[in-house]
Each structure stands twice: as C-alpha cells, then as structure tokens.
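Have a look at the structure below before the remarks.
Computation of the quantities below employed the complete heavy-atom set of this structure, encompassing side-chain atoms and omitting hydrogens, waters and symmetry-equivalent molecules.
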Amino acid sequence: MLAMSKWFTLTPFMSNSFSKRVGFSNSPGSVRAHVNGGGDDTNNSKNNDKKKKKKVVVVGSGWAGLGAAHHLCKQGYDVTVLDGGDGIGSPDNVGIEGFWYPYKNIFSLVDELGIKPFTSWTKSAQYSGEGLEVEFPVYQELPQLPTPLGTLYHTQFVRLPLVDRLTSLPLMAAVIDFDNTDVAWKKYDSITARELFKRFGCSERLYQDIFGPLLQVGLFAPAEQCSAAATLGLLYYLTLAHQKHFDVAFCRGTTKQKIFEPWVESLKAKGCEMLEDKKVTDFNFDEETGCVTEVVCGNETYSVDAVVVAVGITSLQETIKKSAALCKREEFLKVLNLAGIDVVTVKLWLDRKVAIPNPSNACAGFDDLFGCTVFDLNVIHDEHKDDTETVLEADFYHANELMPLNDELVTEKVISYLSKYINDLERACVVDKEIGRFTKRLTHFFPGSYKSMMRGSTSFPNLFMAGDWIITRHGSWLQEKSYVTGLEAANRVKGVLPK
C-alpha cells in the first residue's frame, strides 16, 4: 500500500555520540543559565542526579514541541521547553481543530494521559456560494466499500449531478501515483491544485462547487494558490485511504483546556521544565564538532546536549533573521522563501436560538479568496450545551481582508456572509463577541514550496526540526503531523544521545 498509510513507530535512528562541547558565545555579555534551573553548586542530590542526564531544549510548546518533550521525558532526558510568547500549552493551530479518524497517535496520547476530551464522531456539511453542496455522514456507521466507492456512494451530493461526480474518478490515477516520496512531491509540487484538477478531467462544476471550497478550508487557501502535491497528500490521507478516514470528532472545549493543560501538568510531573516568554535569538555551537552547545534567548543562554526546534514558519523566520548561526546555513535561508496564512476567528453569542445545520460546516463562496468553517458550540462544547442563546464560532482562513478591520466591522461582515447558510441569522442580535487575529499562523503549501521546506535533521548534528511543515514520509496532516514529527525528532535525539 502507499507509504502514507503506514503508522508511525518509535524506532531509534542510527546512533552517534557528541560529547565534546567546546563552544563559543556570539553574545559575550550574556548571562548563563542552565536547563535544570541554575548552576548553583549547593543543589540537593535530586538536582545533582538531574544534572547527570543529557540536556535537551525543545523550542516551541505546540503539538510538535510537547510531542518531542513527551517522548524525551519518557526516555529519561532532562528536558526544558521554551515558549516564545503564545503561552505554554497553546496549540500550533488556531480556531476549532478537528480530530480525524486516522489521528491514531493523538488518540493514543489522550488514552495515555487518561483524559476523554472528544465528542462523538460528527456529521458535517459543505457549502458553496450557491448553497448546500454536500452532507457528510459518519462513514464508519455505514457499509464499508472499497476505495473510493464508499466515499462516493455514501456522501450526499445535494446539487452536483452524477455526471460531474464521475469526472473525479480519473484523479485516482494521480492519487495512486503520489506515494509521498521525495520524487512524488517534486513531480507534483510545481503545479497548482487547479491545474491538477484540470489535467485529470474534473469538470468545472466539480471544481467550483466541491474541490475548490474543500481546499479553502483544508489547505486554507484558494486552489490556485495550493500545491498539487499537498492537495494529493491531503485527499489521500483524509478521504481516499479508507472510507472512514473522513470521520471527525472535536474537543468538548478548547484544545488548550481539554488536552494541553493536562498534558503540560503530566510533563511537569515527569520533571520537564516549562519556561514562558523565551524568544530564541541564536544558537552557539562547537566549531570542531558542529554541534549546538547553547540556545540563546536575548541575554540568557541554555546549555544543551541536543535541541529540537518545533515552531511555525513565521517564528522560525524571525529567529533566522536574528541568528548569526542560522543565517549562514542554506537550509535555514531557504525557509525565508516560505509563507504563512492569516486566520481570523470569530466567536459570537446571539440573543436567541438559531438552527445551525451541523456541528461543523465548511463554507466558501464569499469571494474567491477565503473560506471558513462554522461551528455550533452549543453542540460541541460542554460549557455551552445548556445555554439559552446560540453560541457559534466561524474560523476564516486566508483572511487577509478581515485582518485590519475593527471588531464591529468584522462582526457585520461575518453575519452577512453566514446568513447565506444559516436561516434567521440576520434577525438575531449579537450580544457578545470574541475576535482573534493570527498573522501568518497556518502553513501555506503553495506551488514550489516543497524545495524550501526543511527535513527533520539539519546540518547541525544535534539540532532537529519538527512541525506540520517539516518533510516526513509519515504522510499525516495538520496537528497529527505536528505531533508525529515531534516524536520523530525525539527519536533522532535518542540516536545522537544514547543513555
């Protein structure tokens, strides 16, 4: 079967030892700190034991960062997590996150933590500018048919004629050809998703009403701005690998509350140190071995035996521009070619009950530039189940045009947009609102971006990368990919720092 269908396993990488740490400092006036909390010689025996452990700093505290920290703590390393400003335990993604059926590693994590954060599997729908297009059932409850027959047969297409649906079948040739290898990514990454659909005979109506809107909420950008390789990877992983892969659940509150807060407490109980507001500005390294010896945060340094950098593209770009060490390495300079996508989240409290068709609804067609997902929080979140008013959230992706607007104007536009899909919404009054603006927060898989993306290992033998934009053969997407690459980075640390 395709490489993307293989689940990740925790297999150590080849082992080397980097024990010589001569180092030099690019900031001679810096104040030295240590990942165990200080260099005081009067530490008690517990701290002395901790000092003997190999020191690993994880930069970033989202899915990738905490994933790496989680696995490293279980292996007995002395781990410190540095958060750059979003707050310890803040997810990488913003807005309401879906947790799809193939997220086996995340589901295993919450079982290990002993928490039950998720709703049951939910139905959803997709809307275009013309109205309701698709209703998605809970696929695992229906007879299982071979790929792609189950997805095509059980999905309820409201407006799209059968003849248009059948034009999607030739696309299966590209899906089969795309096996998530380096060769496949290079072959398809140079063309747009729009060109891909055209090459394989998808009808214009299928593209305009189904595939185009799907990508606006799946890859967060118009199909003309999405890589064909990323499109094929996403289509396979979520819709075509198995019929039930498109089933989705949600957290019964925010991901931060339901998963990250208990996860952080679990890590602290294992001895993991969490430090907030630590923006990394540079790395000091041993010129002889090439290994990083210190992580620099302004006027503080943290001695390390290994480092995992698990931040988004925009955060890493800021660090590269400041770092004397990183800006001399081609692999990091290429990251400056990459881009993020703006997100605006809008949570509204209404003065009356308004019927929202499904717990989650993907919407596009406001114009050709952005899409959104609308969530019924009275159904999804425990705290709103008994509310007498409607509470909804709409997350807008590629929301460049909404970013500079004030809250009142954003709310006015959102009500106007969503009234196309939600009956009686215009007659409701907004009694409260929360609006979040996130600049360049989500990864933009634009055509040609693959050649600038990083791999898990770097030219520094003990510095490793993790995140949803890191190249991996695992094939997963979104927060599952972030978490998996964190586990992979921890395995790479194990390879160079044997206990």
Starting at [atom1] of [X], measure out to [atom2] of [Y] and round the result to the nearest 0.5 Å.
X	Y	atom1	atom2	answer
F370	I341	CZ	CD1	13.5 Å
K258	K256	NZ	NZ	14.5 Å
I435	D407	CD1	CG	4.0 Å
D432	T411	CG	OG1	10.0 Å
H381	D387	NE2	CG	12.0 Å
L214	E133	CG	CD	12.0 Å

Does a side-chain heavy-atom distance below 4.5 Å link [X] with [Y]?
X	Y	value
R492	S457	yes
M465	R455	no
L152	S168	yes
T314	T439	no
H444	S449	no
I320	V335	yes
E393	V346	no
T319	F332	no

Check whether the ring centres of [X] and [Y] lie less than 6.0 Å apart, and answer yes or no.
X	Y	value
F99	F118	yes
F396	F220	no
W477	F445	yes
W263	W63	yes
W121	Y101	yes
W185	F178	yes

Count the heavy atoms of every other residue, nucleotide or ligand shown that sit under 6.0 Å from [atom1] of [X], and state whether that count exceeds 12.
X	atom1	value
K440	NZ	yes
K198	NZ	no
K186	NZ	no
D386	CG	no

Could you walk me through whether L145 and H154 pass the side-chain contact (heavy atoms from CB on, under 4.5 Å) check? CA-CA 9 Å; L145 301 174; H154 294 306; 4.0 Å; yes
Locate the shortest heavy-atom distance separating [X] from [Y]; write the atom from each residue and the value.
X	Y	answer
A466	V308	CB-CG1, 4.4 Å
T119	I380	CG2-O, 3.7 Å
I259	C251	CD1-SG, 3.7 Å

Salt bridge (charged side-chain N to carboxylate O under 4.0 Å, His left out) contacts in which one or both residues fall within residues 202-213, not counting sequence neighbours: R159-D209, R194-E204, R205-D209
Considering only NZ, NE, NH1 and NH2 on the basic side and carboxylate oxygens on the acidic side, decide whether [X] and [Y] come within less than 4.0 Å.
X	Y	result
D382	R252	yes
D177	K187	yes
E141	K123	no

Could you tell me if [Y] and [X] have a donor-acceptor pair between their side chains, going purely by distance under 3.5 Å?
X	Y	result
T254	Q257	yes
Y139	T151	no
T472	E488	yes
H398	Q225	yes
Q126	N361	no
H474	E480	no
K270	S266	yes
E97	T255	yes
D83	S61	yes
Y397	T373	yes

Trace of the side-chain hydrogen bond (donor to acceptor under 3.5 Å, both in side chains) decision for D164 with S203: CA-CA 6 Å; D164 290 284; S203 74; 2.7 Å; yes
Return each pair, listed once, that meets side chain to side chain donor-acceptor pair (under 3.5 Å) where at least one residue sits in residues 342-353; pairs must be two or more places apart or across chains. K347-H384
Could you point out which residue of L392, T388, I356, V391 forms a side-chain contact (heavy atoms from CB on, under 4.5 Å) with N378? V391
Any idea how F246 and F136 line up, ring-wise: parallel (<30°), tilted (30 to 60°), or perpendicular (>60°)? tilted
Using the ring-ring contact (aromatic ring centres under 6.0 Å, His included) rule, take F375 and F250 through it: C-alpha gap first, then chi angles, then the decisive distance, then the call. CA-CA 10 Å; F375 301 95; F250 299 94; 5.6 Å; yes
Worked verdict on D189 versus S227 for side-chain hydrogen bond (donor to acceptor under 3.5 Å, both in side chains): CA-CA 5 Å; D189 187 59; S227 156; 2.6 Å; yes
Can K244 and Q144 be said to form a side-chain contact (heavy atoms from CB on, under 4.5 Å), step by step? CA-CA 8 Å; K244 54 192 174 184; Q144 301 295 295; 4.1 Å; yes
Step by step, would you call Y236 with N180 a side-chain hydrogen bond (donor to acceptor under 3.5 Å, both in side chains)? CA-CA 10 Å; Y236 177 79; N180 201 44; over 6 Å; no
Where do E112 and K74 land on the salt bridge (Lys or Arg N to Asp or Glu O under 4.0 Å) test, with the steps shown first? CA-CA 12 Å; E112 181 181 339; K74 289 170 64 176; 3.3 Å; yes
Residues in side chain to side chain contact (heavy atoms under 4.5 Å, CB included) contact with Y421, at least two apart in sequence or another chain: Y127, C363, F366
